[in-house]
Amino acid sequence: MIEAKILEKACEALRILYGQEMKPESLGLEKTRKEITGDYTLVVFPLLKISRKSPEATATEIGTFLDENMPEIASFNVIKGFLNLVLSDHFWMKFLLRNANRPDFGIQKSRHDRPVVLEYSSPNTNKPLHLGHIRNNLLGFSLAEILKANGHKVIKVNLVNDRGIHICKSMLAYMKWGNHETPESTGIKGDHLIGKYYVLFNKHYQAEIHDLIEKGLTEAEAERQAPLILEAQEILRKWEAKDHETVTLWKTMNGWAYTGFDLTYRRLGVDFDHIYYESETYLLGKDLVMEGLENGVLVRKEDGSIWADLRDEGLDEKLLLRADGTSVYMTQDLGTAQLRYDDYHPSNMIYVVGNEQNYHFDVLKRVLARLGKDFALHINHLSYGMVELPQGKMKSREGTVVDADDLMEEMFQTAEETTRELGKANELSDPDALKLFNTISLGALKYFILKVDPKKNMMFDPRESIDFNGNTGPFIQYTYARIQSLLTRASAAGYSYEGSEISLNQSLMPSEKDTIKKLYQFQETIVQAGTELSPAIVANYVFDLAKGFNQFYQELPVLKEEDQEKVVLRINICKFTGNIIQKSMKLLGIDVPDRM
RNA sequence: GGCCCUGUAGUUCAAUGGAUAGAACGGAAGUUUCCUAAACUUUAAAUCUGGGUUCGAUUCCCGGUGGGGCUACCA
């Protein structure tokens, strides 16, 4: 990497010029702003204490040293305290020609012994997936790709929440009002059918609560005493007692949910290496708690319940086992963390979970640490923000949930409409056209979600749907398609760009150089995205690349250029850009079409 | 009440403590005998507020204020 070399040489300059040792990472080197001449800029303000000279003099002295001692540097200029370094066109061209046809450019080979376990998706089986799950799934899948590109082995796991009172609610509603209907008999996708009964339960439950309040109960009392909730709790008890009839219905209905989820996952293009089921793990964790009690890191209260007292760490007390010995969510998560660690001995465990669970993960890590689990230090909660609608947060009770299947279908139809209007589907066979609509619609949806910093809440307006122009997936896909079209023409015209030998002493046009520079940044982008666990960094990078390329492509001829050396140079820029767009989009889980 | 996150053009998003705060959509005005106009060019338009640290603050710290979340013997 050229940055490291510049920094190293700059330190040498400081040593020779001012007799001071500085660490390379303490120097401020950044990319030069676009409107200023230069490729990299060294900020010299912090160095004035060492040089005891003016910013201009200091920058000039360092610049002169670098210019004389680094062949890659062609020239420099100084503006105030900013030393702008210009790399030679020779350097950029050499980079381009060496890497344009390397399929593995920027991608690290696997170089870690221990894997990273990445949990994402983790749905409940009582209702279909919605927009919030989509963000989770896309982030999780993309993150796995990014970590792999950084040389990690990644185990993608899904912890399905397939038991508990919420499932019993759907089961109860089905027993009462289901009339034995099935996905087959109704034609309704399994997860949606179950969701229907979950909604139905809540409708009747709310009515009961309403009646009880009218009779003088408080809201809390009404919620606890409503007949339906008592019945649901009875079903939960029967399930835990392995009552045959209850378990059979539970299996049947969960089966419907899984069939439905599989379709949604497949359409979304996400997958898993291992699926954990909570029904198989919910009893875990008790041993850990008992062990912690014996070691004195947990406390037992008078009623027999067991707690972690985190008040000395600025948090509260946290219940881990009820007085009756049953566990809570936290207990299970302690247990599943241990299970996961034992299964894979990972170097890191990443959980893609919404930011409303920040406190939960804070507590989880601290309790595991108290229990003496070193892997607690390597638990990473990728806490992503909520997806908000124009009218606020999605609320299933208010019917404002954006369903995942519906959304993908609507996107598909919009893509089809737009593509047909533009006449771009005219020459395609039906299967090819369908494939294209699918690629474009998913590209639009995925890019829209992933370009936003995961940590931040984001806004989604379904009425405006998603645009296909500007900073969008289809914009980038279109850039790629045009490149492929051009490369086909280039081949037809007999140009061979692989292993091209051309003179490196040509001078580059600004838009050529900008594009090559952007390509150079692919490697550092992958590293940064992996470090920060942020697909948004890749998304914003690839948009910049496509944007810059389009500018180049608009103002300079490629195949129609007369200078044959320039033709080869530009074909290589096109080829390389196409490669990097494809790779970047793959990191986001987005396909690119050869034509559109 | 306590704790956490967050406030950038009309809107949706960017910006390792650095130069004149970038894009996109929307608005205004342009570019097709020319490698795909889902493109390109030009233009108007923003850091909630008051302090502090710093040569330099959208960024770090403190106060105010707006928004969101958590604070379950639910998961």
Side-chain angles (χ1 to χ4, degrees), chain A residues 25 28-36 41 43-46 48-49 55 79-82 84 122 124 126 161 163-167 278 282 303 305 307 314-316 318-324 326-330 332-333 354-360 362 383 385-386 388 390 392-393 415 418-419 421-422 424 440 444 448 451-453 455-461 464 467-479 481-490 493 528 532 536-537 539-540 543-544 546-547 550-561 570-571 574 595-596:
Chain A
E25 57 272 21
L29 186 71
E30 48 202 60
K31 294 174 189 71
T32 305
R33 297 179 62 115
K34 208 174 180 190
E35 55 292 355
I36 291 165
T41 296
V43 183
V44 302
F45 292 110
L48 303 183
K49 281 180 217 147
I79 303 173
K80 292 188 268 183
F82 299 95
N84 302 309
S122 305
N124 292 346
N126 65 333
N161 185 345
R163 65 160 285 281
I165 190 71
H166 48 283
I167 314 296
E278 206 184 285
Y282 80 107
D303 66 355
S305 57
W307 299 68
L315 301 182
D316 216 331
K318 180 71 195 176
L319 176 88
L320 297 177
L321 276 182
R322 297 183 183 104
D324 65 5
T326 56
S327 56
V328 294
Y329 178 41
M330 183 62 71
Q332 296 173 36
D333 251 15
N355 63 10
E356 74 270 17
Q357 292 199 38
N358 285 355
Y359 184 74
H360 173 80
D362 197 11
S383 158
M386 302 285 100
E388 287 165 5
K393 205 186 164 187
T418 310
T419 307
E421 269 171 28
L422 291 169
K424 305 226 178 201
I440 293 172
F448 185 89
K451 75 175 174 181
V452 181
D453 183 339
K455 293 192 295 289
K456 293 192 176 176
N457 287 0
M458 64 177 294
M459 174 65 73
F460 183 87
D461 189 342
E464 289 183 14
D467 213 329
F468 294 164
N469 301 318
N471 188 356
T472 66
F475 169 91
I476 297 160
Q477 290 173 322
Y478 179 63
T479 306
R482 287 168 92 185
I483 290 172
Q484 299 320 301
S485 160
L486 179 105
L487 293 176
T488 306
R489 286 168 182 271
Q528 197 193 351
E532 298 184 23
I537 289 169
N540 287 311
F543 171 69
D544 274 353
K547 177 89 185 142
N550 280 338
Q551 197 179 341
F552 152 79
Y553 193 68
Q554 183 79 17
E555 63 188 43
L556 296 175
V558 178
L559 299 177
K560 296 186 177 173
E561 165 64 38
R570 287 175 191 166
I571 290 177
C574 293
R595 55 180 292 184
M596 72 181 273

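Chain letters run A, B, ... following the sequence lines, proteins first and then strands; every chain starts at 1.
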Look at the rings of A:F448 and A:F460 and say which category their plane angle falls in: under 30° parallel, 30 to 60° tilted, over 60° perpendicular.
-> perpendicular
Phosphate oxygens OP1/OP2 of B:C40: is one of them under 4.0 Å from a side-chain N or O of A:N550?
-> yes
Give A:V43 one of three labels, base, sugar-phosphate or nothing, depending on what nucleic acid heavy atoms sit under 4.0 Å from its own.
-> base
Which is true for A:I537 with a 4.0 Å heavy-atom rule: it touches a base, it touches only sugar-phosphate, or it touches nothing?
-> nothing
Could you please name the partner base of B:U43, counting Watson-Crick and G-U wobble pairs only when both distances are under 3.5 Å?
-> B:G27
Under a 3.5 Å limit for both distances, which nucleotide forms a Watson-Crick or G-U wobble pair with B:C35, could you say?
-> none
Rounded to whole Å, CD of A:E30 lies from P of B:G17 at a distance of 10 Å
Compute whether any side-chain donor of one residue and acceptor of the other, for A:N550 and A:T479, lie under 3.5 angstrom apart.
-> yes
Go along nucleotides 27-34 of chain B 5' to 3' and tag each nucleotide: B for a protein heavy atom under 4.0 Å from its base, S when only backbone or sugar atoms are that close, - otherwise.
-> -------S
Scan A:I440 against the nucleic acid and name what it touches under 4.0 Å (heavy atoms): base, sugar-phosphate only, or nothing.
-> base
Touch class at under 4.0 angstrom, heavy-atom based, for A:F475 against every strand present | sugar-phosphate
A:I36 CD1 to A:I79 CD1 distance, which is reported to the nearest 0.5 Å | 4.5 Å
